[in-house]
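So the structure is just underneath, and the comments pick up after that.
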Amino acid sequence: MRAAFWLLALFAVAAASALFAGNNQAVVTIFWPPHRIDISFNLTVLLLAGLFTLLYVALRALSAVFSLPLEARRWRAQQKERAMYGALMDALAHQLAGRYIRATKSAQNALAQEKSLGQLTEHSGQVTGHSAARSSQLQSLAHLLVAESAQSLQNRALREQHLQSALQSSAPRHAQEVREGVQFRAARWALDDRDAGAALDWLTQLPQGAARRTLALRMKLRATRQLKQTLPALETARLLAKHRAFSAAAAQSIVRGLALELLNDAHDPAQLQQAWASLDESERGMPELVVHAASRLMALNGDVELARSWLLQVWDRMTQPGSSIGDNLRIKLIGVLEAGLDSIDATWLARIEAAQQAYPRDANLQYLAGMACLSLQLWGKAQQLLSRAAMALQDAGLHRKAWRALAVLAEQRGDEAAAAQAYKRAAEL
């Protein structure tokens, strides 16, 4: 369509020119005393157009002649610039391919080309598009590639030399993004060297926005875990989970593991309660953490009533139909409750009896109810419940303790044969 319009326009111009020049009787007279020259107007127009074209071509030719030195300098600069970027791309390709020595040589070649290009630009003025910002970025990236190759080759002296050079090249304001990348790399190298303190120092030098990125949080989590800083690691893991850096299952597993470490680091009841209070509401609702916290509190001779109050939410979930509480956690919960049976109150005793009656075939609940009766010196009921539990318990620890309790009950009755038989069954487990 565009070609058709151009063709129509050409015909229109041709028609207008023919109409104008065909019947044009105008004459141009030039007086040059004592001469007089008469020229048709059409010829005058053609001569003027030809003269203009000749002058234009002459000026362009003179301009091209005088610009030859500048064009030669620009051509040399472009060649150097192409060689510089080619060397940088070669360095990156060799780095990705694991050819670290070749990557180092290519990156150093790129630095040499950049230096030569900078000197040429200073002497002849700015003749290429290679600005100061691009120069700083290229220098930083080239130094970073050399440092990365040196890290892979375990040449720490060369790595530190080019790391400092990369930081100096990225010091200007227009190279801040490159500088952040250099700092991220330095932190990662410190982590690879098992120097978590240095890694945290590098991360603290990052701007506030960069320190909240997923990459920075991942490295901070790794560094704090290496330094056994459980609480900062837990806070970092929460941020990563919020940013969806892990899958839901992985995030929950990491947070749960760090929370368990935080609880294990407590050495007295006060520290344990402080650690428990530092957990989020969702974390305090994890059954594994609740049972472990109560177990630690009892192991540290803390408040047994407080431990049982923590366990209440897990107990309610465990005694609900279709509970998702696993067998291992059930057994651990029963073990924690068993450790505090000496001070159990009537409310908890009623809960245990109600659960045992609601699930009469649950051997674990039979065992717990039997041990509760034993602690309250209800010998007959304890004998009945423990005898039924001992025949169905799957956990070796609870099975062994059930037979030992039956042996103690037999000794109280004076039945030495039954006591010996129960001790024998306990020893076989």
Side-chain angles (χ1 to χ4, degrees), residues 230 234 252-253 255-376 378 382 385-386 389 393-395 397-399 401-402 405:
T230 309
L234 179 58
Q252 186 178 18
S253 177
V255 170
R256 181 171 58 246
L258 290 171
L260 289 174
E261 291 182 14
L262 183 64
L263 296 174
N264 289 332
D265 291 340
H267 300 292
D268 57 59
Q271 289 182 358
L272 182 64
Q273 294 181 33
Q274 184 178 1
W276 179 255
S278 66
L279 299 180
D280 289 345
E281 188 68 27
S282 60
E283 296 163 0
R284 288 197 294 268
M286 293 183 181
E288 298 87 350
L289 295 182
V290 175
V291 175
H292 188 76
S295 176
R296 285 285 298 164
L297 185 61
M298 288 188 177
L300 295 173
N301 298 320
D303 188 354
V304 179
E305 291 295 331
L306 178 61
R308 281 198 285 261
S309 67
W310 292 350
L311 292 173
L312 181 58
Q313 56 175 319
V314 184
W315 176 266
D316 292 339
R317 290 177 59 181
M318 187 185 74
T319 54
Q320 291 293 328
S323 173
S324 60
I325 304 297
D327 292 337
N328 292 334
L329 189 58
R330 286 171 175 264
I331 293 170
K332 188 173 181 180
L333 172 60
I334 289 172
V336 176
L337 290 174
E338 180 188 356
L341 287 177
D342 293 339
S343 59
I344 195 170
D345 53 12
T347 304
W348 264 101
L349 182 60
R351 289 194 184 102
I352 294 173
E353 291 180 349
Q356 189 274 323
Q357 293 174 2
Y359 302 97
R361 296 184 179 181
D362 192 328
N364 296 323
L365 292 177
Q366 289 177 356
Y367 168 81
L368 181 61
M371 296 301 290
C373 293
L374 182 62
S375 65
L376 296 175
L378 302 175
L385 291 171
L386 290 174
L393 283 171
Q394 300 296 322
D395 182 70
L398 295 183
H399 202 177
K401 289 192 288 185

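Remember, it's a predicted structure, so these values are computed and weren't measured experimentally.
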Measure across Gly370 and Ala382 and return the closest heavy-atom pair with its distance rounded to 0.1 Å.
O-CB, 3.5 Å
For the residue pair Arg317 and Pro287, what are the closest heavy atoms and their distance?
NH1-CG, 3.3 Å
Taking side chain as C-beta onward, heavy atoms only, is His267 less than 4.5 Å from Leu300?
no
Evaluation steps, side chain to side chain contact (heavy atoms under 4.5 Å, CB included), between Trp315 and Ile325:
CA-CA 10 Å; Trp315 176 266; Ile325 304 297; over 6 Å; no
Please give me the minimum heavy-atom distance between Leu385 and Cys373, naming the atom from each residue.
CD1-SG, 4.2 Å
Whether Lys332 and Glu288 form a salt bridge (side-chain N of Lys/Arg under 4.0 Å from carboxylate O of Asp/Glu) is what I want to check.
no
Validation row: Arg284, Leu289 side chains within 4.5 angstrom (heavy atoms)
no
Should Tyr367 and Asp395 be marked as a side chain to side chain contact (heavy atoms under 4.5 Å, CB included) after you check the CA-CA gap, both sets of side-chain angles, and the distance that decides it?
CA-CA 11 Å; Tyr367 168 81; Asp395 182 70; over 6 Å; no
So, using side chain to side chain donor-acceptor pair (under 3.5 Å) as the criterion, who are the partners of Gln394 when residues are at least two apart?
none
Using a strict threshold of under 4.0 Å (side-chain N to carboxylate O), is an ion pair present between Asp345 and Arg308?
no
Taking all heavy atoms of Ser343 and all of Val304, pick out the closest pair and write down the distance.
OG-CG1, 3.7 Å
Value rounded to 0.5 Å, distance of CE in Met298 from CG in Leu272
11.5 Å
Are any non-hydrogen side-chain atoms of Leu262 and Leu279 less than 4.5 angstrom apart?
yes
For a 4.5 angstrom cut-off between non-hydrogen side-chain atoms, does Trp310 reach Leu297?
yes
Check for a donor-acceptor pair, side chain of Gln273 on one end and backbone N or O of Ala270 on the other, with a separation under 3.5 Å.
no
Please report the interatomic distance OG1(Thr347) to CG(Leu312), rounded to the nearest 0.5 Å.
10.0 Å
Rounded distance [0.5 Å steps], OG1 in Thr230 versus CG in Asp265
4.0 Å
The side chain to side chain contact (heavy atoms under 4.5 Å, CB included) partner of Val255 among Asp280, Leu234, Leu260 is Leu234
Could you check whether atom CD of Gln313 has more than 12 heavy atoms from other residues, nucleotides or ligands sitting under 6.0 Å from it?
yes
Considering all heavy atoms of both residues, which atom of Val290 and which atom of Gly285 are nearest to each other, and what is their separation?
CG2-C, 4.5 Å
Any side-chain heavy atom of Arg330 within less than 4.5 Å of one from Asp362?
yes
I'd like to know if the side chain of Ser309 reaches the main chain of Leu306, judged simply by a donor and an acceptor atom lying under 3.5 Å from each other, with no hydrogens or angles considered.
yes
What do the steps show when you test Trp348 against Leu337 for side chain to side chain contact (heavy atoms under 4.5 Å, CB included), and what is the final call?
CA-CA 10 Å; Trp348 264 101; Leu337 290 174; 4.0 Å; yes
Main-chain N/O of Glu305 paired with Asp303 side-chain donor or acceptor, under 3.5 Å:
yes
Can you find a heavy atom in the side chain of Ile344 that is under 4.5 Å from one in the side chain of Ile352?
yes
Any side-chain heavy atom of His292 sitting closer than 4.5 Å to one from Val336?
no
Distance from Lys401 atom NZ to His399 atom NE2, nearest 0.5 Å?
13.0 Å
So, for Met286 and Arg256, which heavy atoms are closest and what is the spacing to 0.1 Å?
SD-CB, 4.1 Å
Measuring from atom CG of Leu329 to atom CD1 of Ile334, what distance do you get when rounded to the nearest 0.5 angstrom?
10.0 Å
So, taking the atom named CD1 in Ile331 and the one named CD in Glu338, what distance separates them when rounded to the nearest 0.5 Å?
12.0 Å
